[in-house]
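Take a look at the structure below.
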2 protein chains.
Amino acid sequence: MARAAHQTDVSDVSDACLRDFVGYNMKRAFNVVQADLTATLEPMGLRMLTYSALALIVENPGLRPSQLASALSVERANVVVYVDQLEEAGWVTRGTCPQDRRAYALQCTIVGRRVYDKARAAVRAHDRRMLDGLRAVEIAAVNKALARIEGRE
Amino acid sequence: MARAAHQTDVSDVSDACLRDFVGYNMKRAFNVVQADLTATLEPMGLRMLTYSALALIVENPGLRPSQLASALSVERANVVVYVDQLEEAGWVTRGTCPQDRRAYALQCTIVGRRVYDKARAAVRAHDRRMLDGLRAVEIAAVNKALARIEGRE
DNA sequence: TATTGTTATACTCTATAACTATA
DNA sequence: TATAGTTATAGAGTATAACAATA
């Protein structure tokens with residue numbers, strides 16, 4: 001790994017001032033996860049958010065968009081785009097909601113279910129790649145800490 | 001915390017299908033961190049990335065933009081905008097680089113140094129808020145796991 | 001009046017391609 | 001020929017404001 005003397009050498013740049021800052025560490029780790037996940041889902045026509053939306057619809061048939069927005073922690077306005085894409089792909093339908101005619105009951109199609117199952121397996125493999133080298137206790141510690149930071153539990 | 005029966009109730013939405021997926025947990029926790037950090041830095045005219053850039057310039061006087069890009073894990077093109085903003089605020093200067101006239105030697109100004117010190121204290125307080133309730137060993141476990149995911153260590 | 005889904009819009013983050021001036 | 005900084009641009013994520021239909 002020789003490098004020409006005139007080329008940018010980043011090895012002597014100190015980021016110690018940022019390493020004691022959890023947001024910086026999380027952002028950098030998440031960038032790696034995001035890049036691998038994007039590559040994992042792209043061949044199936046999904047992204048992290050459309051995959052997450054599809055998963056929630058599959059697991060919660062009849063889910064309404066506003067519930068989906070809450071579950072994804074995003075605004076209702078943004079969910080419209082995700083559902084549009086899933087609907088255009090033929091994986092999700094906007095069914096009528098008899099109890100509230102303002103709302104829609106989101107359902108996945110047979111094809112949508114199949115795409116989800118395939119994507120889920122790929123995401124599981126991605127997850128194992130990301131956590132490779134970490135012991136079960138360490139993974140549990142991370143999940144606990146993330147839950148605490150998120151304000152759950 | 002009473003809620004009208006007709007209002008969106010998200011408590012019965014299951015996201016178990018996503019909770020065993022580290023990217024989802026990281027994203028949600030990072031959203032919380034990001035929101036708090038944005039509110040923390042906004043009064044000082046900084047954002048996460050401009051703060052990070054300022055920190056690296058303060059701690060590495062004479063840093064060149066391409067080194068800054070590597071340290072921040074972003075493309076050179078994006079660094080231009082961050083440095084523009086820090087320069088317009090009067091916190092950073094693009095000094096000449098005698099060894100390589102294509103490059104700039106980034107330096108912080110006296111005011112920039114003062115803004116950084118103030119922001120650093122605010123970020124430390126933010127960090128304590130985020131990690132509140134976690135023991136030192138747990139924080140160490142998170143940082144170790146994040147380093148592993150990021151591919152460092 | 002308040003809520004649901006929607007549209008329009010804007011800002012941030014990130015990447016790629018192409019340009020210029022240097023090396 | 002390759003690199004440093006820059007410009008232009010595009011896509012993704014996120015948020016707010018305002019609207020029509022419905023509660």
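Every chain is numbered from 1 and lettered A, B, ... according to where its sequence line falls, protein lines coming before strand lines. Just so we're clear, the structure is a prediction, and the values are computed from it rather than from any experiment.
- Mapped onto DNA chain D by nearest heavy atom, A/Cys97 and B/Val80 fall at different nucleotides, with B/Val80 at the one closer to the 5' end.
- One finds a salt bridge joining B/Arg94 and B/Asp84 here, because a Lys/Arg side-chain nitrogen approaches an Asp/Glu carboxylate oxygen to under 4.0 Å.
- In the helix from C/dT1-D/dA23 to C/dA23-D/dT1, the terminal helix axes, each the rotation mapping four pairs' C1' atoms onto the next four within five end pairs, subtend 0°, rounded to 10°.
- Salt bridge status for A/Arg128 with A/Asp132: absent, with no side-chain N to carboxylate O gap under 4.0 Å.
- One can place CZ of B/Arg64 at 9 Å from C1' of D/dA4, the figure rounded to the nearest angstrom.
- Listed by chain and number, the residues in a salt bridge (Lys or Arg N to Asp or Glu O under 4.0 Å) with A/Arg28 are B/Glu150 (sequence neighbours excluded).
- Using a distance-only test at 3.5 Å, with no hydrogens or angles considered, a donor-acceptor pair links the side chain of B/Glu138 to the main chain of B/Arg135.
- Tested against A/Lys27 for a side chain to side chain contact (heavy atoms under 4.5 Å, CB included), the candidates B/Leu37, B/Leu72, B/Leu49, B/Leu146 yield a single pass: B/Leu49.
- One atom, CG of B/Asp84, and another, P of D/dT7, lie 7 Å apart when rounded to the nearest Å.
- The side chain of A/Ser66 contributes no N or O atom lying less than 4.0 Å from OP1 or OP2 of C/dT3.
- Of the possible donor and acceptor atoms, none in the side chain of A/Glu88 sits under 3.5 Å from a partner among the backbone N and O of A/Gln85.
- With hydrogens and angles ignored, no donor-acceptor pair closer than 3.5 Å exists between the side chain of B/Arg101 and the base of C/dT22.
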Output one line per pair: protein atom, nucleotide atom from nucleotides 12-16 of chain D, and distance, for all N/O pairs under 3.5 Å.
residue : atom : partner : partner atom : Å
D/dG13  : OP2  : A/Arg47 : NE           : 2.9
D/dG13  : OP2  : A/Arg47 : NH2          : 2.8
D/dT14  : OP1  : B/Lys27 : NZ           : 2.3
D/dT14  : OP2  : B/Lys27 : NZ           : 3.3
D/dA15  : N7   : A/Asn78 : OD1          : 3.2
D/dA15  : N7   : A/Asn78 : ND2          : 3.2
D/dA15  : N6   : A/Asn78 : OD1          : 3.4

